[in-house]
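The structure appears right after this line, and notes come after that.
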Amino acid sequence: MEAFPKSVEFCYPWRSYQAEVLKNLDEHLENNHLHLIAPPGSGKTVLGLEVMLRLNKPTLIVAPTLAIRNQWVDRFVSLFLQVNEVPDWISMDLRNPTFLTVTTYQGLHALFDENGHDDTEQIDDEEAEEVEFSEKEVARTKFFACNFQTLILDEAHHLRTSWWRTLTDVRKKLTNLSTVALTATPPYDVDKSEWDRYIELCGPIDEEIEVAALVKEGDLCPHQDYIWMSKPTKQEQGPIEFYHREVEQFKNDLLHNEDFQQLIQSHPWIQSEEFVEEKLANHAYFISMILYLKEIGSNAWEKPFQLVDEKAEHLPEFDLEWTQELLTSLLYKDKWVDPKEEPIKSIRKKLSAIGAIERRRVQLIATKAMERTLLHSTSKLDSINKIILLEKKSLGDSLRLVILADYIYGDDLPKSKEDISPLVRLGVIPVFESARRELGEQCKLGVLTGSIVIIPKSSLPLLEKSQLKFEAEVLVHDERYVKISWQGASRQRMVQFITEIFAAGEIDVLVGTTALLGEGWDAPSVNTLILASYVGTFMLTNQMRGRAIRIEKGNPEKAANIWHLVCVDSALEDGGYDLKSLRRRFRSLTGVDEELPLIVSGIDRLRIPQNDYTKATIEEINQEMTRRAIDRSRLFTRWKRAVSEGSQKREELQVDKVFIPRPFILRNTLKSLVLTSIITIAYTFNALAEKIRFSTVESNEGVVYLSMGLIFGVLASSPFWWKALRIFLFNSSIEKRMKSVGEAIYHTLYEIGLLQTPPSENRIYTEQAPLGEVYCHLERGTKYEQKLFLQALQELLDPIENPRYILHRQSGKTLWVKHDYHALPEEIGRRKDYAETFLAQWQKKIGKAELIYTRTPEGRKLLLKARMRAMSAKFVKRSERLSVWK
């Protein structure tokens, strides 16, 4: 077989965004790559199949799981071939590849891995394809004989493991290859090297279909993320409170430890202005010393602080974060301190006694054990029950709620009626048991995993129609439910039929694992999702959310609620590790803003308190989330309004107004006033003196000469006042100041050839929010240009780290002296001529400044000074990138 049958074609019309991808297909494939990002439910599979047909060459499709592998074949047979049986030129067996072969990453790895090992993470329920070949060489020969020239990688983010190495080796041996990479969740949260590896395989991102566009087209349903907060249980809270008390006592003792005070006061970094490189290498440690000395009332902090052109009242408090920084460096990094001598020896012993040392780091805010307690807190079981009740009350028989957990914990299933052991962990069976005990007959529960299936006894007749070979065992502790076991390799069919029972309403609360149901599971009836998973990656979270946001035929007004569970440590201002982890995940999750008709990423769109997590506040937040969640009609309406008012996704930078540079116009203004005054007075005095000498002074001539002198003075000082006026006009508001900074960066990036869109054909938008944040984005330009511009702007405005060049501004030399420092963005600072181009743009749009090269001894001293000015730079809230649909 040399080509696909000519009669093969997609049996439905293309959606508008799909048609747009296909319209630009030739352009995208110029580099032999198509890299498409699209959310679950957007039709990635049929797009990939259509691209395959248009390329019309032998094709290898690789999917992450058996279920998704089977979906590719099912979609092609039903939507393109429109037949009931799979033709013989389609194969799912790598031992017998054909013109179109569909396999899994694990299957490919098993065939070609020379070392016989696999470092992929085997998550509970993950099924590896059985590809044990007695004659691997024969199978490999058959494989390459197919001469595959189209390679389709489905959900290519899975290539973060040994699968990637195998696939890369195989791809190098295939000639004239076109690669099509499809994913809903690119690995945005990996480091640069891993991202570069991903792009090397998949190619640059060509198209990105947005969730908002799909909701606008009616191909995904409106949805919202909600948070349900809890506090640790009494058993969990006890050790946490005890630890906080121990730490507070330890810190108090540290502040009154005279030997420790003397150690810091006599430290070479405090006593000398030398050791610049050491201070730069660990400047947070250096700052922590200054803060400690100021906290205890010692004057020793003033000497090193004199290097800084800053007011002492701007120094942050010596809190637990700074205490951690100080002690970690003293114990493990400082060559000037002997850790075996006093008082360090005693301090280390005390820290060890309270469990505050982990992997050569001092942990005073929370230990790893405390973090795990919050993540795994059994208080979340009670949260789940409350969410089930409120959703059941709201939706009644229409409720189709799914709960996803990471592990099964089958041993937690009671062995008898009398077995009512307390539930002490978060997993599928504990969630099922907790709901069964607390909710009784208010809901019809079910469990769906790869090894355990539980359904209501009343739904057995529906399962019997499936013709599957299975056995049903009534639960010994509850006769209302049966445990299902089956024979043979029929797990996918079991999943299919349990899903149908769920869709029919015989089960309205289904508990399953993220591995089995979190990705690739197609259940459009799901209208409520509870994420009881604590695997906090963006990719997995986004995949799980995708289970709930699919449209359902016959239900055009479907709106989905997605619940995130959080256990909060009220003693910490930021709420603790669990909430911080959730905030990170939300940076890449988009949804409708609670106040504005806007689709935006980040947790701020939920409008919840940032740093107040008392018991009363937690209850208030949960009540507010309940109020919003039960009003699905409001959610539906808000989504429709938001997507109708917007037209495309864009990247924005959110910056606190305190980080935006202020123009220094006072110096030019003073020069103008002084020069004008001198000329005016001098001219008037000289003219009047001549008149007085000849006694010809008229009564109004003084005013005339004064006015003429003023005119001459204004003209003579025009270079100064005009410059001051121009800078003021272009920087009179926070938005204009932000725009001027952005223009300086954009013009520089364009002049040095990193941006291709001319400044005259683009526009920088800035807007100030009511709370003081300023937003900036580009109107036009490619996605790459927008990301590059915002990255450079972010580097300039964020606290200084270790740039090659810094920008120094100074207002005046005697009175009202103010210094300002900014890091030149990496792409601009890599060459001197680039840096000078930026300096010229800055001076033109913002005002006078100078460049400092930080790789010289003098430059290192000034870099230390610049970093010390932002004393809390290590912990300060930085600018944030947002995805916005407008």
Side-chain angles (χ1 to χ4, degrees), residues 40-41 215 218 220-229 380-405 428 431-432 434-448 454-456 458-459 462 480-481 498-512 517 521-532 544-565 591-592 594 606 621-640:
V215 175
L220 289 180
C221 74
H223 52 277
Q224 183 60 297
D225 297 278
Y226 300 104
I227 296 174
W228 192 278
M229 291 187 174
K380 294 181 180 181
L381 294 175
D382 184 57
S383 299
I384 290 171
N385 293 337
K386 290 178 179 178
I387 294 170
I388 294 174
L389 281 177
L390 74 89
E391 292 285 7
K392 182 66 176 180
K393 183 177 180 181
S394 173
L395 294 180
D397 293 338
S398 300
L399 177 66
R400 300 292 183 272
L401 188 152
V402 170
I403 305 166
L404 295 179
V428 172
V431 168
F432 168 78
S434 175
R436 186 193 65 81
R437 296 176 188 181
E438 297 297 323
L439 306 182
E441 297 185 357
Q442 297 182 72
C443 295
K444 292 173 284 188
L445 305 173
V447 169
L448 181 54
I454 299 174
I455 62 175
S458 59
S459 64
L462 292 177
R480 295 173 300 162
Y481 293 95
I498 297 300
T499 303
E500 291 177 2
I501 292 173
F502 173 69
E506 291 300 314
I507 298 172
D508 54 19
V509 177
L510 184 64
V511 192
L517 306 182
W521 182 50
D522 192 4
S525 61
V526 177
N527 51 34
T528 306
L529 177 67
I530 300 177
L531 300 180
M544 290 188 291
R545 290 170 84 244
R547 302 314 100 206
I549 64 178
R550 295 173 181 266
I551 57 172
E552 182 183 17
K553 290 183 179 179
N555 186 12
E557 295 186 357
K558 176 186 173 182
N561 291 346
I562 302 161
W563 288 92
H564 303 260
L565 309 175
V592 65
E594 275 303 320
L606 298 185
I621 291 172
N622 290 341
Q623 290 174 3
E624 176 62 20
M625 292 293 157
T626 299
R627 184 189 66 79
R628 297 175 187 175
I630 62 177
D631 193 355
R632 296 193 188 222
S633 60
R634 174 180 176 271
L635 172 61
F636 191 91
T637 302
R638 290 183 60 76
W639 258 97
K640 293 302 181 183

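In this text, all values refer to a predicted model and were calculated from it rather than measured experimentally.
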Should the pair R632-E391 be classified as a salt bridge under the 4.0 Å nitrogen-to-oxygen rule? yes
Got a donor-acceptor contact below 3.5 angstrom from the Q224 side chain to the G591 backbone? no
Residue pair N385 / S383, side-chain donor-acceptor N/O under 3.5 Å: no
Between K558 (side chain) and R550 (backbone), is there a donor-acceptor pair under 3.5 Å? yes
Between CD1 on residue I387 and CD1 on residue I403, distance to nearest 0.5 Å: 8.5 Å
Under 4.5 Å between any side-chain heavy atoms of E500 and L462, yes or no? no
Rounded distance [0.5 Å steps], CG in L510 versus CG in L529: 11.0 Å
Mark yes or no for whether W563, through its side chain, and T528, through its backbone, hold a donor-acceptor pair below 3.5 Å. no
Go through H223 and R545 one step at a time and tell me if the side chain to side chain contact (heavy atoms under 4.5 Å, CB included) criterion holds. CA-CA 9 Å; H223 52 277; R545 290 170 84 244; 3.8 Å; yes
Contact check, side chains of I530 and V402, non-hydrogen atoms, under 4.5 Å: no
Any side-chain heavy-atom pair of C443 and I388 under 4.5 Å: yes
To the nearest 0.5 Å, what is the distance between OH on Y226 and OG1 on T626? 10.0 Å
Determine, step by step, whether D631 and S633 satisfy the side chain to side chain contact (heavy atoms under 4.5 Å, CB included) criterion, reporting the C-alpha distance in whole Å, the side-chain angles of both residues, the deciding distance to 0.1 Å, and the verdict. CA-CA 5 Å; D631 193 355; S633 60; 3.0 Å; yes
Hey, is R634 close enough to E594 for a salt bridge, meaning N to O under 4.0 Å? yes
Sole residue of V447, L445, I507 in side chain to side chain contact (heavy atoms under 4.5 Å, CB included) with I455: I507
Say whether, by atom type as modelled, one donor and one acceptor occur between the side chain of N622 and the main chain of M229 under 3.5 angstrom. yes
Check for a donor-acceptor pair, side chain of R547 on one end and backbone N or O of A523 on the other, with a separation under 3.5 Å. no
I'd like to know if the side chain of R628 reaches the main chain of L606, judged simply by a donor and an acceptor atom lying under 3.5 Å from each other, with no hydrogens or angles considered. yes
Show your reasoning for whether side chain to side chain contact (heavy atoms under 4.5 Å, CB included) applies to D397 and K392. CA-CA 8 Å; D397 293 338; K392 182 66 176 180; 4.0 Å; yes
